[in-house]
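Accompanying notes for the structure given below.
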Number of protein chains: 2
Amino acid sequence: MEIIEHLAVSQLFKGLPNVHLEGLASISIKKSYQKDESIFFEGRESTGFFIVISGRIKIYKISPEGKEQILHFFGPGEPFGEAPAFTGDPFPAYAEAIEDTDVIFLPKNEFVSLIKKDPSLALNMLVILSHRLQKFTNIIENLSLKEVPGRLAAYIIYSGGNENDASEFSLDISKGQLASLLGTIPETLSRILTKMVKQGLIDSDGRRFIKILDRKGLEELAEGKRRLG
Amino acid sequence: MEIIEHLAVSQLFKGLPNVHLEGLASISIKKSYQKDESIFFEGRESTGFFIVISGRIKIYKISPEGKEQILHFFGPGEPFGEAPAFTGDPFPAYAEAIEDTDVIFLPKNEFVSLIKKDPSLALNMLVILSHRLQKFTNIIENLSLKEVPGRLAAYIIYSGGNENDASEFSLDISKGQLASLLGTIPETLSRILTKMVKQGLIDSDGRRFIKILDRKGLEELAEGKRRLG
DNA sequence: AGGGCGATTTGACCTAAGTCAATGTTAATT
DNA sequence: AATTAACATTGACTTAGGTCAAATCGCCCT
């Protein structure tokens, strides 16, 4: 598949006329990363940004003690690392492939030139960045205003989709990664999952399968209106 | 002072040619809020966004138990509430004047039409949104990877400016607000300030005056390389 | 000066969640 | 099937920081 086709189906550039896509394709570089390979480092100068073609990556920070806080997972069609391209600041976090992953790399200077020539390229970008901001607002709320059971409940409800009472799903990340996404550690996550099962809120096979048994209970937990004993 | 002059010196629109400023001014509405008055509510439909002319406002979330997490303070020239104008989502947080404040209100639909006609308006916006994202990344890092003394140390260093060893300054917000900004409560903040003074990291008059005595020590605290006993 | 009110501080206490260490489990490889 | 390594769970313990309640301080008013 050609780069231009990947661009055409990306979040950022879908719907753009062909002239624009061609311009973008002409500055695009395809790169591949293996599972667990680093894509960029916190503090490193940004030279451009990325769009996932296939595979998945995570964006995360690390404390001096080694605790990891995951900020995002991104998959096919999603851009990442765009903000530093506009602020000129260094990357504020790490990026790493969590599967074998192909990406398109868009060099910052060339991209900024394009966008200045054709500012309409900026419109989708505004929407994407705005969505990211909304998402961060949520993360901050969760971290500072909810306890871990509440965060987990919110995650489960979100992952289970908004259907009726009996939705089930499979985690698409390891429990360790989930713990990091929720701003906690695997031990704590494990204990809370156990409690949720005991209280009949969810069912689980001890691995990645989770079935929501009591959606209302989870919602109360997520809203801080209930505790997990 | 005319609205157009305020627009011309705002972060978002400074440097724009007069034609654009006039277009913006023609859709702008001036509004005034008293200290402690609400500007918008979480969950409320966004009908537009704001630029501070004078005074100051805060953006914050509230937990069911009433704990408040401040996300931003904004002052003259700074825009707020822009993201929902592009995502179409409701406001994700509350906004409230912390002083008597004048703002410019830009109705969403009119603004989006303008920006579509003249996408070059979008460029500054990209930069602003990108900066906000970077800032949120920091907040998340602080909340999940640093303890409260580390967050406070980071705040003090930042507020003290990057000068030599002996900088002093005055908090521009109350300690209660500072606690909320740091994701904690006034009692905890108070205890930590006391400890910092006792350990010779800072000096304080018990009110808003703070003098940095040991910048290196504060930095170590902020980086998690030192604890506060 | 004295009253009053909010903001701040201090103390005693409690609890969520982290640490450390041991034990199970699962999956991957030979 | 046996071996290993990564992942996950469990238990005992510690601790940062929150809660609640009681001073205390600072400041604005008469």
Side-chain angles (χ1 to χ4, degrees), chain A residues 35-36 62-70 98-100 142-153 170-199 202 204-210 221-222 224 226-229, chain B residues 35-36 62-70 98 142-153 170-199 202 204-210 221-222 224 226-229:
Chain A
K35 180 165 155 48
D36 297 333
I62 292 210
S63 77
E65 298 82 33
K67 190 183 166 197
E68 167 186 299
Q69 169 71 47
I70 292 176
I98 57 171
E99 302 171 4
D100 290 355
N142 281 329
L143 288 176
S144 78
L145 302 179
K146 288 184 191 167
E147 328 197 300
V148 182
R151 295 178 222 159
L152 176 57
S170 179
L171 294 175
D172 57 355
I173 51 176
S174 77
K175 289 189 177 162
Q177 298 281 284
L178 176 56
S180 163
L181 184 65
L182 298 177
T184 185
I185 55 171
E187 291 95 319
T188 298
L189 177 65
S190 177
R191 291 183 231 271
I192 292 174
L193 274 172
T194 305
K195 279 191 194 165
M196 284 184 169
V197 171
K198 281 206 183 110
Q199 301 198 8
I202 58 170
S204 162
D205 67 348
R207 259 169 309 154
R208 292 187 172 194
F209 169 83
I210 287 180
L221 214 49
R226 181 211 253 244
R227 340 202 110 249
L228 207 54
Chain B
K35 180 166 157 43
D36 298 333
I62 292 210
S63 75
E65 298 83 32
K67 191 182 165 197
E68 165 184 299
Q69 169 70 49
I70 293 178
I98 58 171
N142 281 330
L143 287 176
S144 78
L145 302 178
K146 287 183 191 166
E147 328 197 301
V148 182
R151 296 178 221 161
L152 176 57
S170 177
L171 294 175
D172 56 355
I173 50 176
S174 77
K175 290 190 176 162
Q177 299 281 285
L178 176 56
S180 162
L181 184 65
L182 297 177
T184 185
I185 55 173
E187 291 96 319
T188 298
L189 178 66
S190 176
R191 292 182 229 272
I192 293 173
L193 273 172
T194 305
K195 280 191 193 166
M196 284 184 168
V197 171
K198 281 207 182 108
Q199 301 199 8
I202 59 172
S204 162
D205 68 347
R207 260 170 309 153
R208 292 188 173 193
F209 169 82
I210 287 180
L221 215 49
R226 180 210 254 245
R227 340 202 109 250
L228 207 54

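Order of the sequence lines fixes the chain letters, A, B, ..., with proteins taken first and strands second; residue numbering starts at 1 for each chain. Atoms considered below: every heavy atom in the structure, side chains included; atoms not considered: hydrogens, waters and symmetry mates.
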Discussion item. Does a side-chain N or O of B:Thr194 approach OP1 or OP2 of C:dT10 to a distance below 4.0 Å, or not?
Written reply: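 For C:dT10, OP1/OP2 do have a side-chain N/O of B:Thr194 under 4.0 Å.
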| For the atom pair NZ (A:Lys195) and CZ (A:Arg227), what is the distance rounded to the nearest 0.5 Å? |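 A:Lys195 NZ to A:Arg227 CZ: 10.5 Å, rounded to 0.5 Å.
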Shortest non-hydrogen separation from [X] to [Y] and the atoms involved:
| X | Y | result |
| --- | --- | --- |
| B:Leu228 | B:Pro149 | CD2-CB, 3.8 Å |
| A:Lys35 | A:Asp100 | N-OD1, 2.8 Å |
| B:Gly224 | A:Pro64 | CA-CG, 4.1 Å |

Which atom pairs, one a donor and one an acceptor, fall under 3.5 Å between side chains of residues 175-186 of chain A and the rest of the protein, sequence neighbours left out?
| from | atom 1 | to | atom 2 | distance (Å) |
| --- | --- | --- | --- | --- |
| A:Lys175 | NZ | A:Gly206 | O | 3.1 |
| A:Lys175 | NZ | A:Arg207 | O | 3.2 |
| A:Gln177 | OE1 | A:Lys58 | NZ | 3.3 |
| A:Ser180 | OG | A:Glu68 | O | 2.9 |
| A:Ser180 | OG | A:Glu68 | OE2 | 3.3 |
| A:Ser180 | OG | A:Ile70 | N | 3.2 |

Send over the distance from [X] [atom1] to [N] [atom2], rounded to a whole Å.
| X | N | atom1 | atom2 | answer |
| --- | --- | --- | --- | --- |
| A:Ile210 | D:dA8 | CD1 | C1' | 14 Å |
| B:Leu152 | C:dT8 | CG | C1' | 15 Å |
| B:Phe209 | C:dT8 | CZ | C1' | 18 Å |
| B:Glu68 | D:dG18 | CD | C1' | 17 Å |
| B:Leu171 | C:dA7 | CG | P | 15 Å |
| B:Lys175 | D:dT24 | NZ | P | 18 Å |
| A:Arg208 | D:dC7 | CZ | C1' | 10 Å |
| B:Leu178 | C:dT9 | CG | P | 11 Å |

Does any part of the side chain of [Y], heavy atoms only, come nearer than 4.5 Å to the side chain of [X], both counted from C-beta?
| X | Y | result |
| --- | --- | --- |
| A:Leu221 | A:Glu147 | no |
| A:Val197 | A:Ile202 | yes |
| B:Arg191 | B:Glu187 | yes |

Under a 4.0 Å heavy-atom criterion, the protein footprint on nucleotides 12-19 of chain C, written with B, S and -, is B---SSSB
**Asked** Do A:Arg151 and A:Val148 pass the side chain to side chain contact (heavy atoms under 4.5 Å, CB included) test, and can you show the C-alpha distance, the side-chain angles, and the key distance before you say yes or no?
**Response** CA-CA 5 Å; A:Arg151 295 178 222 159; A:Val148 182; 3.9 Å; yes
Contacts under 3.5 Å, N or O only, protein and nucleotides 22-28 of chain C:
| from | atom 1 | to | atom 2 | distance (Å) |
| --- | --- | --- | --- | --- |
| C:dA27 | OP1 | A:Arg207 | NH1 | 3.1 |

